[in-house]
Structures are given as structure tokens and as C-alpha cells.
Engineer: 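If you scroll down you'll find the structure; I have some questions about it.
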Amino acid sequence: MSGSAIKITNLAKTYGKHDAVKQLNFEVQKGELFGFLGPNGAGKTTTIKMLTGLLEPSSGSAEINGINIWQHPIDAKKKIAYVPDQPNLYPKLTGWDYLEFVASVFQLPKDRFQAKAEELLSIFNLSNQASDLIESYSHGMKQKIAICGALVHEPAVLFLDEPTVGLDPKSARSLKNLLRKLCDEGMTAFISTHILEIAEQMCDRVGIILDGNIIALGTMEELKSAEGKADQSLEDIFLELTGGEDEQALINEITDDGDK
Ligand SMILES: Nc1ncnc2c1ncn2[C@@H]1O[C@H](COP(=O)(O)OP(=O)(O)OP(=O)(O)O)[C@@H](O)[C@H]1O
Ligand SMILES: [Mg+2]
């Protein structure tokens with residue numbers, strides 16, 4: 001269970017004249033739960049779309065379990081699952097039919113599918129709605145069925161873009177616990193999130209991207225010691241590195257003035 005699950009080499013994306021992602025170079029190891037953090041517009045979704053073969057890089061390459069995603073897209077895509085920030089589901093399918101459809105695409109044996117689908121639906125409290133049409137689901141329920149669909153074929157590498165948006169606290173905790181368990185069993189997870197508390201609690205390592213560059217990469221302890229801030233939270237470090245602290249200072253100054 002060792003070795004690189006995701007290998008990113010000089011990966012870059014330019015939209016017109018705008019360099020959205022600039023020459024990224026890093027690896028995520030098998031079994032790692034990796035948090036990809038950064039302010040709005042930093043390049044997280046662009047990077048994830050390049051890693052999942054949905055967006056062609058302007059330069060550089062990405063490998064999934066040693067397979068180049070752009071040279072061998074079908075082989076690489078068999079290994080991965082991706083839940084975008086706005087999942088595109090089939091409204092006229094029931095939750096169960098959707099999971100069955102995903103499993104058939106990935107040629108999962110029927111008996112494995114049945115057990116896996118029931119387990120996932122139960123973890124996310126969707127068992128009673130499995131035979132309802134997806135169009136009748138709430139936003140959070142759609143998010144959860146998309147996550148179930150991603151996990152039903154037991155991917156080697158899971159990409160989640162903002163997975164906790166729309167999830168209630170119980171579901172967010174179920175997701176956190178499940179991801180930890182699956183990564184301990186060997187799956188690799190690459191997750192973008194703005195919820196730094198979640199990243200701090202569950203990720204083995206985090207990478208912070210700002211204006212298309214990785215500005216910090218490592219375990220929580222490594223980030224804290226690099227910044228000389230052993231007692232600070234990831235949120236403190238994130239805001240300091242990404243300049244959000246200046247804005248907070250400004251807000252404090254304005255509210256202080258208002259109090260006088
Ligand atoms: N299709 C596109 N065409 C042109 N520019 C784009 C496109 N998609 C993204 N961008 C730009 O690329 C940069 C990175 O966007 P991206 O969506 O990757 O950010 P993000 O880190 O995912 O942000 P958020 O936290 O808001 O989801 C932004 O400046 C954005 O405006
Ligand atoms: Mg995004």
C-alpha cells in the first residue's frame with residue numbers, strides 16, 4: 001500500500017491570458033487523505049478537473065497509480081471517482097437506479113453492488129429514499145447520493161470538490177469517518193474544502209494553493225512548525241498565508257472605530 005497514487009508534474013492551466021494553475025509539482029501517496037485548500041478562485045477546481053481528465057492541461061502531466069490521465073484516459077478513469085461541487089445527476093432515476101447505473105458502467109459484480117449500495121445508503125441515511133426519484137431529493141440528499149455513486153465502485157482514488165457543502169452535521173461526520181476508514185484500507189482521497197476544521201481533523205496532509213501556486217504542503221505539524229506556530233490552528237495559518245488576516249484586521253479596525 002505504498003507508492004504514489006497521484007503524481008503531478010509541472011501541471012498548468014491557462015484560460016486565455018490568465019494563468020489559473022501554475023506549474024504544480026507534488027505527489028499524493030496511496031492511502032493518504034489529502035486536503036486541497038485555497039481561497040475562492042485559487043485554482044482548486046481547475047486542478048481537480050485536470051487530474052480527473054475533464055479539462056486538458058495547458059502543459060505538464062498527471063498520473064493516477066502510474067497511469068497518465070491524458071495518454072491513457074480510460075485506464076486511468078477506471079481507477080478514479082469524482083464528485084464535483086455541483087453534481088450532475090439524472091433526475092428521472094431513483095437513487096437505487098442511479099447507483100446501479102454507475103456500478104454497471106464500472107462492471108461491478110451484482111452481489112458486490114447490492115451489499116455495497118445498501119451499506120452506503122444506510123451510512124448516509126438514504127435507505128428509505130432509495131426508490132424515490134432523484135428529482136425529489138433535497139440539495140444535501142443529491143450531494144449524498146452523488147457521494148454514494150462515487151464510492152459504490154470502490155475507486156482507488158477519490159476526488160471530492162467541496163463535499164460537505166449542503167451536508168447536515170451528522171452526514172458530514174459520517175462522510176469524515178467513512179473517508180478515514182476507506183483511506184486506512186488503502187483508498188486515496190483528494191478533497192478540496194473551505195472548512196478548515198474538517199481538514200485539520202481528518203487530513204493526513206494538506207496543500208494550500210494561492211493564485212495557482214502551491215504555497216504550503218505537508219502534515220499539520222509540518223505546516224505549524226514551518227510557520228513557527230505550534231499553538232495555532234490551521235485556520236490561523238491559512239489566513240496568514242493567504243492574506244485573509246489583513247482583511248480580518250481591517251474588519252476589526254472598522255468595528256473598533258464604530259464602537260468609539
Ligand atoms: N472556464 C473558465 N474560463 C475562464 N476562467 C476560468 C474558468 N474556470 C475558472 N477560471 C478562472 O480560473 C481561476 C481558478 O478557478 P477555480 O474554479 O479553479 O478556483 P477554485 O479554487 O476552485 O475556487 P472556489 O473556491 O471558488 O471554488 C479563477 O480565476 C477563475 O476565474
Ligand atoms: Mg472550486
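Numbering of ligands and ligand atoms starts at 1, following listing order.
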Engineer: Look at atom 1 (N) of ligand 1 and say which protein heavy atom is nearest, naming residue and atom and giving the distance to 0.1 Å.
Structural biologist: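 Here the closest protein heavy atom is Tyr15 CE2, 3.8 Å.
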Engineer: Could you find the nearest protein heavy atom to atom 29 (O) of ligand 1 and give me its residue, atom name and distance?
Structural biologist: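 Protein heavy atom with the smallest distance to atom 29 (O) of ligand 1: His18 NE2, 3.1 Å.
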Engineer: When you measure from the heavy atoms of Gly38 to every atom of ligand 1, does any distance fall below 4.0 Å?
Structural biologist: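 Heavy atoms of Gly38 never come under 4.0 Å of ligand 1.
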Engineer: Check whether Thr14 reaches the backbone of Gly16 with its side chain - one donor and one acceptor, N or O, closer than 3.5 Å.
Structural biologist: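 Here the side-chain-to-backbone pair does not exist.
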Engineer: Name the closest protein heavy atom to atom 13 (C) of ligand 1, giving the residue it belongs to and the distance to 0.1 Å.
Structural biologist: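 Nearest protein contact, heavy atoms only, for atom 13 (C) of ligand 1 is Gly41 O, 3.5 Å.
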Engineer: Would Gly16 count as a contact of ligand 1 if the rule is a heavy atom under 4.0 Å away?
Structural biologist: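 Distance cut 4.0 Å: Gly16 fails for ligand 1.
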Engineer: Could you tell me the residue and atom name of the protein heavy atom closest to atom 25 (O) of ligand 1, and the distance to it rounded to 0.1 Å?
Structural biologist: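 Checking every protein heavy atom, the shortest distance to atom 25 (O) of ligand 1 gives Lys44 NZ, 2.7 Å.
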Engineer: Taking the side chain from Lys44 and the backbone from Gly38, do they hold a donor-acceptor pair closer than 3.5 Å?
Structural biologist: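 Here the side-chain-to-backbone pair exists.
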Engineer: Under 4.0 Å, counting heavy atoms only: does Glu162 come that close to any atom of ligand 1?
Structural biologist: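 No, Glu162 has no heavy atom closer than 4.0 Å to ligand 1.
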Engineer: For atom 15 (O) of ligand 1, find the nearest protein heavy atom and state the residue, atom name and distance (0.1 Å precision).
Structural biologist: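 The protein heavy atom lying closest is Thr46 OG1, 3.7 Å.
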Engineer: Quick one: pull up CD1 in Ile48 and CG in Leu54 and give me the separation to the nearest 0.5 Å.
Structural biologist: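 Going from the CD1 atom of Ile48 to the CG atom of Leu54 covers 10.5 Å.
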Engineer: May I ask you to decide whether Lys224 forms a salt bridge with Glu221, counting only side-chain N to carboxylate O separations under 4.0 Å?
Structural biologist: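 Looking at Lys224 and Glu221, the cut-off is not met.
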Engineer: Which residue owns the protein heavy atom closest to atom 26 (O) of ligand 1, what's the atom, and how far is it?
Structural biologist: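 Residue, atom and distance for the closest contact: Asn40 ND2, 3.0 Å.
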Engineer: Closest non-hydrogen protein atom to atom 27 (O) of ligand 1, residue and atom name please, with distance?
Structural biologist: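 Protein heavy atom at minimum distance: Thr45 OG1, 4.0 Å.
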Engineer: Could you enumerate the protein N, O or S atoms under 2.8 Å from the Mg ion (ligand 2), written like residue then atom name?
Structural biologist: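 Metal shell, protein only: Thr45 OG1.
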Engineer: Any chance the rings of Phe101 and Trp96 have centres within less than 6.0 Å?
Structural biologist: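 Judged by ring-centre distance (under 6.0 Å), Phe101 and Trp96 do not meet the cut-off.
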Engineer: Between Arg205 and Glu27, does any NZ, NE, NH1 or NH2 come within less than 4.0 Å of an OD or OE carboxylate oxygen?
Structural biologist: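 Salt bridge flag = no for Arg205 with Glu27.
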Engineer: Does the protein come close to atom 18 (O) of ligand 1 - that is, does one of its heavy atoms sit below 4.0 Å from that atom?
Structural biologist: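 Yes, at least one protein heavy atom sits under 4.0 Å from atom 18 (O) of ligand 1.
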Engineer: In terms of ring plane angle, is the pair Phe106 and His153 parallel, tilted or perpendicular, where the classes change at 30° and 60°?
Structural biologist: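 Rings of Phe106 and His153: parallel, as their planes differ by under 30°.
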Engineer: Going from CG on Leu178 to CD1 on Ile123, what distance comes out if it is rounded to the nearest 0.5 angstrom?
Structural biologist: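 Spacing of CG (Leu178) from CD1 (Ile123) equals 4.5 Å.
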